[in-house]
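What follows is a short report on a single structure.
Just so we're clear, the structure is a prediction, and the values are computed from it rather than from any experiment. Every chain is numbered from 1, with letters handed out A, B, ... down the list of sequences.
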Amino acid sequence: MSAVATFRALGDPVRLEMVLRLSRGSSFTLSRISEGLGITRQGARKHLEVLRRAQVVTLAPSGRDVLVQLDPASLVLVKDFVSTMDKQWDTRMERLKQFVEED
Amino acid sequence: MTTIPDTIEREIIVAASQERVYAAISDPTQITQWFPDMVEGSLTPGEQPIFIFEGHGKTRVLIVDARPVDYFAFRWIPGSSDVVDDVTCVPTTLVEFTLEAVEEQTKIFMKESGFAQLPMDVAQEKFDMNSGGWGYMMGRLETFLA
């Protein structure tokens, strides 16, 4: 699983909020993690499935509910984030410079 | 463990007039020459236009301020790929461009901030999470560098 795929899975406000909640505590049930997000249980399940496929979370049955946890593997990927971000602004600023200097 | 920068900053000097640079940043027909591929809506303060990145989705931004020819600022969810709802309802970072004439050239100071406003106990995780949001821009970067 590439960092890009993982990041893309997070590129959604609902999924971002879910991961934020997970990062504050240890584990959540599906019901609790989707509280107040304005989505159905089915919708929540769909979002969690995207996160699971990207190896951001793990899902485990827990009685009639589902236990959601952060997948430690995904957290390794964010280490490179700062340099990635820096590079992006380097790229953007370079493009801006080229654009305003061309004539 | 990665440390959390409060801001990302860039300062460059370009061989162009301040007016030219300001237009490149604030004019929807010009910003698309170097940043998003398309802009839907107006780049005037208070407006929430949509930045479209071909192949990577779209994201709504909030234009915070525009002061010709010195300053332009917007808020966004860095890297979000499918956000077309009210951008003020979710965590955002502030991207600011400050321009200054230096003889015949222009100094561009870019600052993106917002990470530091988070509660300390979740700052690292939150930043990491936000880092995820940046991901979809990576594709664009890869294309550019290819």
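Residues B:Val14 and A:Phe99 have side chains not in contact (no heavy-atom distance under 4.5 Å, counting atoms from C-beta outward).
Classification of the A:Trp89-B:Phe35 ring pair by plane angle, with boundaries at 30° and 60°, yields tilted.
For B:Ser42, the side-chain contact (heavy atoms from CB on, under 4.5 Å) partners are B:Thr44, B:Glu47, not counting sequence neighbours. In this structure B:Asp65 satisfies the salt bridge (Lys or Arg N to Asp or Glu O under 4.0 Å) test together with B:Arg67, sequence neighbours excluded.
Considering every non-hydrogen atom in both B:Met110 and A:Met93, the closest pair reads CB-CE, 3.8 Å. Of all heavy-atom pairs spanning B:Val21 and A:Val100, the tightest one is CA-CG1, 3.9 Å.
Clustering ILVMFWY residues whenever any of their side-chain heavy atoms sit less than 4.5 angstrom apart, transitively, puts A:Leu30 in a cluster other than the one holding A:Val50. Hydrophobic clustering of Ile, Leu, Val, Met, Phe, Trp and Tyr side chains at less than 4.5 Å, counting indirect connections, keeps A:Leu67 apart from A:Leu37. A continuous path of hydrophobic side-chain contacts links A:Val66 to A:Ile33 [ILVMFWY only; heavy atoms under 4.5 Å]. A:Ile39 and A:Leu59 fall within the same hydrophobic cluster, defined by Ile, Leu, Val, Met, Phe, Trp and Tyr side-chain heavy atoms under 4.5 Å apart, directly or through other members.
For B:Tyr22, no part lies near chain A; criterion is any non-hydrogen pair under 4.5 Å. The contact between B:Ile13 and chain A is made entirely by backbone atoms, counting heavy-atom distances below 4.5 Å.
Atom CD of B:Gln33 is separated from atom CD of A:Gln98 by 12.0 Å, given to the nearest 0.5 angstrom.
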